[in-house]
2 protein chains.
Amino acid sequence: MISIKFGDEKLCREARLALRDAIELLGGKWKICILQHLEFGTKRFKDLQEKVVGISPKVLAKELLELEQNLLITRTVNNTRPVTVSYSLTPHAYEAQAVYNALLKFGTQQRARVKAQLSHKSSSAERNV
Amino acid sequence: MISIKFGDEKLCREARLALRDAIELLGGKWKICILQHLEFGTKRFKDLQEKVVGISPKVLAKELLELEQNLLITRTVNNTRPVTVSYSLTPHAYEAQAVYNALLKFGTQQRARVKAQLSHKSSSAERNV
DNA sequence: CTTATTGCTTACCTTTAGGAAAGTAACTTT
DNA sequence: AAAGTTACTTTCCTAAAGGTAAGCAATAAG
């Protein structure tokens, strides 16, 4: 088990701040999802609105702005008949890839576990009828 | 760059659900922080309240309950004069370790980047005076 | 002139997260 | 009997996240 040590049980200040920053930036319902979709290549606003199922234009615009301000994506206005805007990942965004992978792995294990627990519970509930 | 493939740009349903579950369970202001503190060993409610700076007993109780229900921690009532309650990680919790590490790494890089950007901006702002 | 498309913005509202402060239950110490 | 400790719970409140619906600007096609 590899574990990062911070002296005597004390998370140093920088580490705590870094952790909070990361959670704030990538947390919430949509961020990781948006980044993941952009990983397949540049996407227009409309594309994202369709791919990221359930997101509203308002929220999408907000999330994209935050990601742009944090240098994870680039916004480009294209010279097309109805204006289109493209969003693509910056190299920095690929650093978030590890977070995505870890979350996906953890989430998958977690789902399997909870599913197993539920089926166990329902079978013991049957016995209680 | 290792990237998990989901066929033709389509996140399969299970993967999307797993991702959401993980974000819901580990997201928010306190969860990762609490797990990290428990990694140094069993802690009582009071200990956690002191170590996790700024958390209120109400929120701590809520977070601990959620973690327990998701099988990441164990709650034990001790036979002490004023009752004490111990919380410790289950083996499953160690699977969240990778998420923590990835977040910490990402957050650290992110902070460095944003810091650099700010100092650049302020120097160009000086030129605009 | 009307309608469509793209990329938003605005206004309004509901839900959720989380903070502050006080209280409670069980037990011990003084 | 009063006060302290631990582990909460309860109530009240605010701020932020997020949803719904509509509107708007620019342009083009019918």
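Just so it is clear: chains get the letters A, B, ... in the order the sequence lines come, proteins before strands, and each one is counted from 1.
- For A:Thr80, the side chain to side chain donor-acceptor pair (under 3.5 Å) partners two or more places apart in sequence, or in a different chain, are A:Thr84.
- Nearest nucleotide to the side chain of A:Lys29, out of C:dG7, C:dG18, D:dG18: D:dG18.
- Scored by the side-chain contact (heavy atoms from CB on, under 4.5 Å) test, B:Gln109 finds A:Glu95, B:Lys105, B:Arg113 as partners (sequence neighbours excluded).
- Rounded to a whole Å, the CD1 atom of B:Ile55 is 14 Å from the P atom of C:dA17.
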Quiz prompt | Contact state string [nucleotides 9-14 of chain C, B base, S sugar-phosphate only, - no protein heavy atom under 4.0 Å] | solution = BBBB--

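- For DNA chain D, none of the residues of residues 64-76 of chain A falls under the heavy-atom distance limit of 4.0 Å.
- Checked against salt bridge (Lys or Arg N to Asp or Glu O under 4.0 Å), A:Glu24 has no partners two or more places apart in sequence or in another chain.
- Judged as a salt bridge (Lys or Arg N to Asp or Glu O under 4.0 Å), and not counting sequence neighbours, A:Arg75 has no contacts.
- Taking both residues in full, the closest heavy atoms of B:Ile34 and B:Leu64 are given as CG2-CD2, 4.0 Å, listed atom of the first, atom of the second, then distance.
- A heavy-atom distance below 4.0 Å to DNA chain D is reached by these residues of residues 78-86 of chain B, ordered by number: B:Pro82, B:Val83, B:Thr84, B:Val85.
- In this structure, CZ of A:Arg44 is placed 11 Å from P of C:dC8, rounded to the nearest angstrom.
- Judged as a side chain to side chain donor-acceptor pair (under 3.5 Å), the pairs with a partner in residues 58-70 of chain A (not counting sequence neighbours) are, in order, A:Lys31-A:Glu66, A:Asn70-B:Gln110.
- Nucleic acid contact class of B:Gly28 (heavy atoms, under 4.0 Å, all strands): sugar-phosphate only.
- In terms of the side-chain contact (heavy atoms from CB on, under 4.5 Å) criterion, residue partners of A:Pro57 (sequence neighbours excluded) are, by chain and number, A:Phe45, A:Gln49.
- Partners of B:Ala18 according to the side-chain contact (heavy atoms from CB on, under 4.5 Å) rule, which considers only residues two or more places apart in sequence or in another chain, are A:Leu104, A:Thr108, A:Arg111.
- For A:Arg44, the salt bridge (Lys or Arg N to Asp or Glu O under 4.0 Å) test picks out A:Asp47, with sequence neighbours left out.
- Taking atom CD of residue B:Glu63 and atom P of nucleotide D:dC8, one finds them 14 Å apart after rounding to whole Å.
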